[in-house]
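All remarks here apply to the structure that follows.
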Amino acid sequence: MIDTHKQPETAVLVALITQKQTADQTKEYLDELAFLAETSGVKTVQSFTQKLDRPDTRTFVGKGKLEEIQTYILANPVDTIIFDDDLTPAQVRNLEAEFKEIKVLDRSLLILNIFSMRAQTAQARVQVELAQYQYLYPRLTRMWTHLSRQKGGAGMRGPGEKELETDRRIVKDRIAFLKEKLAKIDKQSVTRRKERDRLVRVALVGYTNVGKSTLMRTMAKTDVFAENKLFATVDSTVRKVTLGNIPFLLTDTVGFIRKLPTTLIEAFKSTLDEVREADVLVHVVDVSHPLFEEQIEVVNTTLADIKAADKPVVLVFNKMDKFVPRDEWTGGPDMHPMDDEFDQDATTQAVEVPVAIRKQTALDYLKKTYLTKKADHVAFISAETGENVGELRELLYSLVKEKHYQIYPNWVNVPLSESAEYSDEL
Ligand SMILES: Nc1nc2c(ncn2[C@@H]2O[C@H](COP(=O)(O)OP(=O)(O)OP(=O)(O)O)[C@@H](O)[C@H]2O)c(=O)[nH]1
Ligand SMILES: [Mg+2]
């Protein structure tokens, strides 16, 4: 009988609590890992954590925890076990032996899978495939069969030494082939970029799911794919936008994430060239995310990794419609300029500070903090509702205008307010 109501794939997640990674952080990371799993169509049914200073070299977690997971898996329908950190080849081998019928994945492989689902252009597809093979090459065990094949039936063992040798050779050839193909595509995109070299270039960067594509859509009045999933955008999209009468190029690009596989960064080098070659970076932040500060750090580190850290940055705090000021930004819940007077009246109750004042205090605090932390400009917007997007547009206009005049000193300016705004697909 054919089962037409196939249950969604299920997974258990495993992460460590270490000295550098507190229990709270681990919880957030697991939420992110569950979101990654969901994005690739896998439902999380249980999470396991263990306090360890570093992963167990054999099986990532210790023996006791492994038994606990095993017990759960035997009692519940579980297809996949996903580890929050990269597994070494030895750990993959041991875990596959331990969990036999269960797929063993790690965060990087999950991210690679999502990228491969999302890649649209030939270039992105080749880049992802190359990254997948490079990641799997040293881990050529059963893990790599998940890449293209459905798992086999009961009693399946890892490939024998001889098959492994053959597989290695096949993968190595494939890597060489993909590298060559990518070099050819890269050459074409360099030529394409050169052709549009004479316009100012602005790139949207930021953590995944912060609203880059939504902002692109609002700014460029164009239809760019955005949704509440991780890595909705894998290919970069370039639009020619005209503000006032100054045309410039706006690029929406792939989001960053904590622990992005290095092979992926390498493979996406040419996509990331859009960022590297930009004149101005618009770093979009989801200010409603509990870990947005850490996300800013992850993005800054990745920008430094790809050698794009030395550009003027507009830090855009997005999703202001969901902004909730934290006490640490406002000086506490009961800080109030009128407190003294209330004390004189012998009233000791905490005084509610109006939300609008708390919000403003929080924004002033964030602005001051981040302007001293190397952002050149700070803006607070909601890309979805359009709140303050006009101001951001004006800010960008003044930045772009300055650069544009360096290229075209004789350009005739038309004030922003007197001109139509439009964008072209390239
Ligand atoms: N509430 C609220 N949601 C927003 C805002 N901007 C974007 N979103 C939502 O956030 C989700 C992610 O938006 P995207 O524009 O796809 O984010 P992205 O940064 O392009 O994401 P990736 O391409 O996955 O890296 C979508 O569900 C948007 O509707 C905003 O200002 N407010
Ligand atoms: Mg996007």
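Each ligand, and each atom within it, is numbered from 1 in the order the structure gives.
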Do any nitrogen or oxygen atoms of [X] come within less than 3.5 Å of a nitrogen or oxygen of ligand 1?
{"X": "Lys322", "answer": "no"}
{"X": "Lys319", "answer": "yes"}
{"X": "Asp252", "answer": "no"}
{"X": "Ile381", "answer": "no"}
{"X": "Val210", "answer": "yes"}

- is_close_aromatic(Phe317, Phe323), centroid dist under 6.0 Å: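 When the ring centroids of Phe317 and Phe323 are compared, they turn out to be at least 6.0 Å apart.
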- Task: Run the numbers for me: atoms of ligand 1, each under 4.0 Å from some heavy atom of Gly255, listed by number.
- Result: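 Taking each heavy atom of Gly255 in turn, ligand 1 has 25 (O) under 4.0 Å.
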Sequence neighbours left out, cut at 3.5 Å: what donor-acceptor pairs do the side chains of residues 170-181 make with other protein atoms?
residue, atom, partner, partner atom, Å
Arg174, NE, Glu129, OE2, 2.9
Arg174, NH2, Glu129, OE1, 3.3
Arg174, NH2, Glu129, OE2, 2.9

Hey, is [X] close enough to [Y] for a salt bridge, meaning N to O under 4.0 Å?
{"X": "Arg258", "Y": "Glu294", "value": "no"}
{"X": "Lys259", "Y": "Asp106", "value": "no"}
{"X": "Lys27", "Y": "Asp31", "value": "yes"}

- Message: Please confirm whether Ala383 approaches ligand 1 to less than 4.0 Å, judged on its heavy atoms.
- Response: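 So Ala383 counts as touching ligand 1.
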- Just by distance, with hydrogens left out, do Ser108 and Asp86 show a side-chain donor and acceptor under 3.5 Å apart?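 A donor-acceptor contact under 3.5 Å links the two side chains.
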